[in-house]
Protein chains: 2
Amino acid sequence: MTTTATGGSEVSLLPGELDRPAEPPIRTMRVAEAVSAARQILEVEGADALTMRRLADEMGIQAPSLYKHFSSKADLELLLIEDALFDVGDVTHRALHDSGHNSTILSLLVTYRAFSLSHPNLYRLATAGPLVRQRLPHGLEEWAGNPWFVVTGDASLAQALWSLAHGLVILELDDRYPPGSDLDGTWRAGAAAFERAVVVPATS
Amino acid sequence: MTTTATGGSEVSLLPGELDRPAEPPIRTMRVAEAVSAARQILEVEGADALTMRRLADEMGIQAPSLYKHFSSKADLELLLIEDALFDVGDVTHRALHDSGHNSTILSLLVTYRAFSLSHPNLYRLATAGPLVRQRLPHGLEEWAGNPWFVVTGDASLAQALWSLAHGLVILELDDRYPPGSDLDGTWRAGAAAFERAVVVPATS
DNA sequence: CCATAGTGGGTAACAGCGTTAGCCTCCCAC
DNA sequence: GTGGGAGGCTAACGCTGTTACCCACTATGG
């Protein structure tokens, strides 16, 4: 950790790596308040309710004054995305750490699903639409994505598994499955397919 | 087809079923023109460019006159979603029909990916956000989703495979994979996992 | 043959959105 | 004690979807 050797950008493959990535974001008191209030509005009332005027109201100021703290609404939303990535990273790293060695893929998927469904609007904001990744804290995205690599042991398989999880989540959030679908069964089927793919890697 | 027996809502499991679902949508000439123009704007210039004033301009009328044909912008967008579902259904059904019996899952995924990437804005419109499914033509959604069931033979596996495909597509469209990712490899890994799951169904 | 109703256009306007310009006041450091 | 930044304010702009209301044409029924 304290070594400043080159190659420090490598990511640990061991589960139980709970340390957050470097560069913890430094925020003004007022900025932190605003992000907190914005998150509250977003999660409770939905994305449409999160307007600059509504947020300003919540803080007891006028909307234009928000621009003393954020250069744009997208700027504010980026901080919300940042928080969401930290939270989902925390929760998935913890899931790996707690699940021991048995069926880590399923437990990772269950954890991811639970988090997303309990923060639907935040999840949608953080994952929908293009991402300006160069403005995120360095290493955050990799750190948040690391659990998927840990449980699969392969980069392509990790991305595919994460894609499956995201697809399942976002379609469930958007009520895209036909009514009466057995969603638990769908998640289990997906998990089973990937668990088989991991124990028997690249047979072809 | 012409039998009016009850139970006609069942969906054929045989590949090669290219018939579109019943209830072909009937549209006024002007409505069809508007939807066509809207699709043009959407696909060429993106979702932000598709405004009521912009669409009206394209048709040589004023924006409020559009409300003689649509009750709201969401109403217009629903027709675009309808068209997108017909198109993606056509293309995936045809993929099954053409691919014979070898590696239907991979060819379905490849086809789905190709269609989505060549109509990114239409695909996003049709799949992002909640869907008011009761206003879609009856049977359209089931018909468009049928290929996923055909190649897996199982409802849960079909939904999981479709979820994987959607996740892969939407994350690729939104540039969510880290730069330098081997996306072809990611798609192949996902396809391989599901192909194994199909040939060895539910071993546990 | 005329009246009537429906279809499809137009203009004016409203509320809400993100955002900018410009002003003012307080507090702190030099 | 005196700048100067930090953080508030009001007014306003251009854009969005949308409504109200008016008008011309066309077709149909008595």
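Reminder, nothing fancy here: chain letters follow the sequence lines and each chain counts from 1.
Partners of B:Q40 by side chain to side chain donor-acceptor pair (under 3.5 Å), not counting sequence neighbours: none found. Residues satisfying the side-chain contact (heavy atoms from CB on, under 4.5 Å) criterion with B:S118, sequence neighbours excluded, are absent altogether. Partners of B:R124 by salt bridge (Lys or Arg N to Asp or Glu O under 4.0 Å), not counting sequence neighbours, listed by chain and number: B:D174. By the side-chain contact (heavy atoms from CB on, under 4.5 Å) test, B:A126 is found to be paired with B:I81, B:A84, residues two or more places apart in sequence or in another chain being considered. For B:S156, the side-chain contact (heavy atoms from CB on, under 4.5 Å) test picks out A:D182, A:T186, A:A189, B:D154, with sequence neighbours left out. Taking A:R27 as the reference, A:E82, A:D83 meet the salt bridge (Lys or Arg N to Asp or Glu O under 4.0 Å) condition, with sequence neighbours excluded.
Between B:R30 and C:dG9, a side-chain N or O to OP1/OP2 separation shorter than 4.0 Å is present.
Taking a 4.0 Å limit (strictly below) on heavy-atom distances, residues 60-84 of chain A reaches DNA chain C at A:P64, A:Y67, A:S72, A:K73. Remark: B:L50, B:T51, B:M52, B:R53 in residues 34-53 of chain B come within less than 4.0 Å of DNA chain D through at least one heavy atom.
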Atom pairs, N/O to N/O, protein against nucleotides 25-27 of chain C, distance under 3.5 Å?
none

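Rounding to whole angstrom units, CG of residue A:D57 and C1' of C:dG16 are separated by 13 Å.
Contacts classified as side chain to side chain donor-acceptor pair (under 3.5 Å) and involving residues 125-135 of chain A (residues at least two apart or in different chains) are given here: A:D75-A:R135, A:R133-A:E141. Sorted by first and then second residue, the ring-ring contact (aromatic ring centres under 6.0 Å, His included) pairs involving residues 164-185 of chain B (not counting sequence neighbours) are A:W162-B:Y177, B:Y123-B:H166.
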Cut-off 3.5 Å, no hydrogens considered: what does the side-chain donor-acceptor table look like for residues 61-71 of chain B, sequence neighbours left out?
none

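In this structure, CH2 on A:W148 lies 9.0 Å from CG on A:L96, to the nearest 0.5 angstrom.
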